[in-house]
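Since this is a predicted model, take the numbers as computed values, not measurements.
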Amino acid sequence: MAEILDTCAGSDGSGDWLPQSVTTMISDIESEGAELSDVEDSDNEVGVSTPRPGKQRRGLSRFIPTRRREPDDAPPTVVDPGAIEIGWNGLEWGATVAEFRARFSGATQQNGEWWLTGLGPETFCGIVMATQYAFNGRGALCLVVFYPEPEDREQLPVAVLGTLGAPDGHATKWTRGDVVVDVKVAGVAASITHLGFDAR
């Protein structure tokens, strides 16, 4: 590095072609020769870990702290498209309101018919969205509805297509057994409906 700087400095006859602060920083880095390891997140506080072989960062990125966060309660997501035939978010289709409330201690009801888990938005086909649950007249889970943010609406049909494959005909509907996934016009909402329980 020093040789390169000397060569460049000599090309125009001036030794001060770089600002002094930059020259000092480069000299300090070369003289120390220390390798900083990745900065990790521990108990939501930024700290520096001990050096680990093979995981060291290079260049000036070594001085920029980064955080790694793993959510305590990761929102549900479609990994196996066939899983929605069984249920959603750890509940089987036909689950009762009592089972819903037992699973989600912070569950609340809205407008007399919709239920929320109390855990916030959920991820469906890679998009995080506000989510509501509905139960039929017998109190059995039959419907889950997702409401994307305006900036995600255009991506929603594409995301569902990428996860569930080809839709039914030319519509934005996907049928998996007794379950139908429907993306509304302009991606304003998506729903998962179990036809067997929805009809009761």
Side-chain angles (χ1 to χ4, degrees), residues 40-45 67-200:
E40 294 183 339
D41 185 19
S42 174
D43 296 329
N44 294 326
E45 294 181 1
R67 298 179 68 116
R68 292 178 182 167
R69 292 187 178 178
E70 291 296 331
D72 294 333
D73 232 345
T77 184
V78 176
V79 177
D80 173 15
I84 60 173
E85 296 179 35
I86 299 169
W88 178 254
N89 203 357
L91 289 171
E92 292 187 7
W93 297 114
T96 65
V97 172
E99 291 171 324
F100 181 83
R101 296 183 74 176
R103 175 162 173 73
F104 306 108
S105 58
T108 56
Q109 191 176 20
Q110 278 191 341
N111 303 325
E113 59 177 304
W114 294 102
W115 285 85
L116 307 177
T117 64
L119 298 178
E122 299 175 14
T123 302
F124 179 63
C125 297
I127 299 179
V128 179
M129 299 177 274
T131 309
Q132 294 181 326
Y133 295 72
F135 296 79
N136 64 19
R138 295 185 178 181
L141 178 64
C142 62
L143 172 67
V144 179
V145 180
F146 306 92
Y147 301 97
E149 294 294 330
E151 61 268 22
D152 293 326
R153 290 175 181 172
E154 191 174 316
Q155 301 175 42
L156 183 56
V158 178
V160 177
L161 176 67
T163 303
L164 300 182
D168 304 343
H170 298 288
T172 51
K173 287 187 179 182
W174 291 259
T175 302
R176 298 291 183 269
D178 290 329
V179 173
V180 174
V181 174
D182 185 11
V183 177
K184 306 302 180 187
V185 175
V188 295
S191 63
I192 311 175
T193 308
H194 191 290
L195 299 178
F197 292 105
D198 187 49
R200 297 179 187 177

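The shortest side-chain heavy-atom distance between Arg101 and Thr96 does not fall under the 4.5 Å cut-off. The closest side-chain heavy-atom distance from Arg103 to Asn89 is below 4.5 Å. Residues Glu122 and Met129 fail the side-chain proximity criterion, which asks for heavy atoms closer than 4.5 Å.
Smallest separation of non-hydrogen atoms from Trp93 and Leu143: CZ3-N, 3.8 Å. In terms of heavy atoms, Val97 sits closest to Trp115 at CG1-CZ2, 3.5 Å. When all heavy atoms of Thr117 and Phe104 are compared, the pair lying nearest together is O-CB, 3.4 Å. Asp198 approaches Cys142 most closely through the heavy-atom pair N-CB, 3.7 Å.
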Can you list the steps and then say if Trp174 with Leu161 is a side chain to side chain contact (heavy atoms under 4.5 Å, CB included)? CA-CA 9 Å; Trp174 291 259; Leu161 176 67; 4.2 Å; yes
Please determine whether side chain to side chain contact (heavy atoms under 4.5 Å, CB included) holds for the pair Thr172 and Val160, giving the CA-CA distance in whole Å, both sets of side-chain angles, and the decisive distance to 0.1 Å. CA-CA 9 Å; Thr172 51; Val160 177; over 6 Å; no
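Applying the side-chain contact (heavy atoms from CB on, under 4.5 Å) test to Glu92 and every residue at least two apart in sequence or in another chain returns Ile86. Every residue two or more places apart in sequence or in another chain that forms a side-chain contact (heavy atoms from CB on, under 4.5 Å) with Thr108 is listed here: Leu116. Judged as a side-chain contact (heavy atoms from CB on, under 4.5 Å), and not counting sequence neighbours, the contacts of Glu149 are Glu151, Asp152. Taking Ala102 as the reference, nothing meets the side-chain contact (heavy atoms from CB on, under 4.5 Å) condition, with sequence neighbours excluded.
Interatomic distance, OG1 of Thr193 versus NZ of Lys173, reported as 9.0 Å (0.5 Å rounding). Going from atom CG of Leu156 over to atom CD1 of Ile127 covers 5.0 Å, rounded to the nearest 0.5 Å.
No donor-acceptor distance shorter than 3.5 angstrom exists from the side chain of Arg138 to the backbone of Gly94, with no hydrogens or angles considered. A distance-only check finds no donor-acceptor pair linking the side chain of Asp178 to the backbone of Leu195 [under 3.5 Å]. With Thr123 contributing its side chain and Gly126 its backbone, the two residues share no donor-acceptor pair below 3.5 Å. Side chain of Asn111 to main chain of Glu113: no donor-acceptor pair is present (N/O by atom type, distance under 3.5 Å, no hydrogens or angles). Judged by distance alone, with hydrogens and angles left aside, the side-chain atoms of Arg176 form a donor-acceptor pair with the main-chain N or O of Leu164 at under 3.5 Å.
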Side-chain donor-acceptor distances from residues 179-192 under 3.5 Å, at least two apart:
unit_1, atom_1, unit_2, atom_2, d
Asp182, OD2, Lys184, NZ, 2.8

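By the 30° and 60° cut-offs, the orientation of the rings of Phe135 relative to Phe100 is perpendicular.
Pairs passing the ring-ring contact (aromatic ring centres under 6.0 Å, His included) check and including a residue from residues 139-164, sequence neighbours excluded, read Trp88-Phe146, Phe124-Phe146.
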